[in-house]
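Report on the following structure.
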Protein chains: 2
Amino acid sequence: MDASVDAQLQSDGVAFTAADAELLRAIRDAGSVAGASEALGRSRARALDRIETLEEAYGPLVERRRGGATGGGSDLTETAASLLSRLARLQATLAGTASVEECVIPGRVTERDGELGVVATDAGDLRARLVARDGGDVPEVDSPVQVSVRSDAVTLHAPTDAPAAGGTSARNRFEGTVVGVDAGETIVCATIDIRTPDSLSALLTHESLDRLDLRPGSRVVASFKATATRAIAAD
Amino acid sequence: MDASVDAQLQSDGVAFTAADAELLRAIRDAGSVAGASEALGRSRARALDRIETLEEAYGPLVERRRGGATGGGSDLTETAASLLSRLARLQATLAGTASVEECVIPGRVTERDGELGVVATDAGDLRARLVARDGGDVPEVDSPVQVSVRSDAVTLHAPTDAPAAGGTSARNRFEGTVVGVDAGETIVCATIDIRTPDSLSALLTHESLDRLDLRPGSRVVASFKATATRAIAAD
DNA sequence: TACCGATGTATCCATGTCGAAACAGCGACG
DNA sequence: CGTCGCTGTTTCGACATGGATACATCGGTA
């Protein structure tokens with residue numbers, strides 16, 4: 001089982017989806033709506049309908065010319081190009097977020113200050129961002145929560161070289177023991193036991209791995225920003 | 001125009017969507033499929049169909065009992081509960097990611113080492129994670145890219161107190177000038193000009209804001225991990 | 001001026017989705 | 001043993017989606 005995402009842009013209640021992006025790219029490549037719809041195996045009439053719907057919400061996207069030696073043709077506008085690249089960025093970001101390891105830490109809210117709160121966990125106190133669960137409320141003081149920490153938000157330090165607690169931004173600091181090192185091509189995922197049910201994982205480069213000299217059993221300090229966490233109400 | 005996400009879990013080609021979660025929650029609350037479908041205004045036959053489809057992919061989700069004084073009833077299994085909370089976490093994470101400010105920095109790849117690369121930008125060299133664009137390839141050396149940096153990944157430091165360049169993980173460091181401070185209830189979004197077309201933004205707490213004494217015109221050092229960035233091919 | 005291949009526009013139909021409705025089966029309880 | 005309210009199953013039809021098709025229109029070019 002794995003996570004997947006459907007990213008889309010919204011304007012005036014009309015969604016610009018991956019399928020729309022595919023259509024626009026095909027038009028750009030084919031130079032015509034007719035060629036694009038044939039390439040995609042979709043009907044031309046529907047493609048034109050869809051373009052019209054999109055243009056009502058997003059402004060001119062396809063410059064359509066009729067007549068001429070070649071019968072006419074279509075090109076994308078600047079707006080369309082920027083929509084395409086914006087959606088591509090969103091997809092890249094979200095796909096990355098969805099596929100990255102996350103660590104779930106159960107705990108209980110002990111303090112709350114607006115969107116931020118302090119959560120008591122097995123590893124100690126944690127500052128986290130409190131967010132409403134879909135169809136629910138923002139967690140209150142004393143309510144049980146699950147804090148999720150994405151591995152790309154976690155930074156590792158040597159215990160001797162750990163930053164001052166109150167040094168920069170609001171960071172959570174946890175000392176722990178490396179339990180696993182999963183080396184990719186250039187990016188390494190290290191898992192660290194910080195005495196929570198789930199281990200914390202951190203993404204780092206091979207370079208950092210070598211400098212920190214990490215191996216199972218090593219002691220490290222893991223830190224992450226409160227604003228990169230999400231605490232939602234547990235059932 | 002804004003971004004929206006449709007998070008879902010996948011297993012055996014069957015997606016567990018927000019609508020499915022709504023159905024399961026309604027069953028949990030009503031104690032029966034009949035009550036749940038009425039509460040949601042959906043037909044009972046379809047709800048049962050959907051449950052069957054989901055169970056083929058995810059295992060038992062709803063314990064259905066027939067007969068008895070009350071005619072029977074349905075309860076969620078542990079599997080269903082864990083699916084619900086997993087989807088809720090995913091939604092919270094992705095919704096946060098989609099809505100957070102991102103800074104787009106155009107540049108050109110100058111080095112590539114697997115998933116990581118060095119990108120030359122207006123602000124200087126940047127280490128970023130190279131990812132394939134939807135329906136495209138991973139950027140090569142010399143190709144133009146757009147690097148996106150989410151504001152929750154950015155940490156700010158006082159110029160005098162900036163961390164050593166090679167200190168911990170592979171971090172990008174940029175000195176810049178604060179151009180805006182957008183204070184929320186407890187979380188502040190600071191925008192920093194680092195001589196790129198888009199300004200970089202960073203999320204920090206009020207506390208950090210005060211300690212760093214940030215205001216428009218202040219000099220700061222912004223840093224972020226390479227593994228938290230995404231560089232995709234520009235058109 | 002005829003041709004060509006595109007854009008416009010309309011209608012028809014296959015398909016899939018989903019609610020409505022009806023009915024059988026079940027089983028604890030009074 | 002009958003009642004009750006759920007589960008289980010089927011059939012029907014409304015509705016939206018989207019392909020297939022046909023035909024008019026446009027406007028450079030030969």
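Naming: A, B, ... by sequence-line order, numbering from 1 per chain. Please read these numbers as outputs of a predicted model, since none were measured by experiment.
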Heavy-atom nearest pair, B/Leu84 first then A/Arg133, reads O-NH2, 3.8 Å
Counting side-chain heavy atoms from C-beta on, which of D/dG8, C/dG19, D/dT29 comes nearest to A/Ala69? D/dT29
Can you check whether B/Arg42 has a side-chain N or O nearer than 4.0 Å to OP1 or OP2 of C/dC18? no
Taking for each residue the nucleotide of DNA chain D bearing the nearest heavy atom, is the 5' side occupied by A/Gly71 or by B/Ala45? B/Ala45
Side-chain-base donor-acceptor pair under 3.5 Å for B/Arg66 and C/dG27: no
What is the distance from CD of B/Glu52 to C1' of D/dT10, rounded to the nearest Å? 14 Å
Rounded distance (Å) that lies between atom C1' of D/dT7 and atom CG of B/Leu61: 17 Å
Look at A/Ser43 and D/dT21 and indicate whether a side-chain polar atom (N or O) is within less than 4.0 Å of OP1 or OP2. no
Indicate the atoms forming the closest heavy-atom contact of B/Gln8 with B/Leu90, along with that distance. O-CD2, 3.8 Å
Taking any heavy-atom pair under 4.0 Å as a contact, classify B/Gly68: base, sugar-phosphate, or nothing. base
What is the distance, to the nearest angstrom, from the CD1 atom on A/Ile51 to the P atom on C/dT7? 8 Å
Output the rounded distance in Å from CD (B/Glu63) to C1' (D/dT7). 14 Å
Rounded to whole angstrom units, what separation is found between the CG atom of B/Asp49 and the C1' atom of D/dT9? 9 Å
Can you tell me whether the side chain of B/Arg44 and the base of D/dG8 have a donor-acceptor pair closer than 3.5 Å? yes
A/Arg64 vs C/dG8: side-chain N/O to OP1/OP2 distance below 4.0 Å: yes
B/Glu111 and B/Arg127 ion-paired at < 4.0 Å: no
Taking 4.0 Å as the cut-off, does a side-chain nitrogen or oxygen of A/Ser74 come that near to OP1 or OP2 on C/dT7? yes
Say whether, by atom type as modelled, one donor and one acceptor occur between the side chain of A/Arg86 and the main chain of A/Ala88 under 3.5 angstrom. no
Between B/Ser199 and B/Thr191, the two heavy atoms sitting closest are CB-CB, 4.4 Å
Roughly how many Å is it from CD1 in A/Ile27 to P in C/dA6, rounded to a whole number? 13 Å
Nearest-Å distance for atom pair CZ/P, residues A/Arg50 and C/dG8: 18 Å
5'-most by nearest nucleotide on DNA chain D - A/Arg46 or A/Thr70: A/Arg46
Distance check needed: C/dC4 C1' versus A/Arg65 CZ, whole Å only. 16 Å
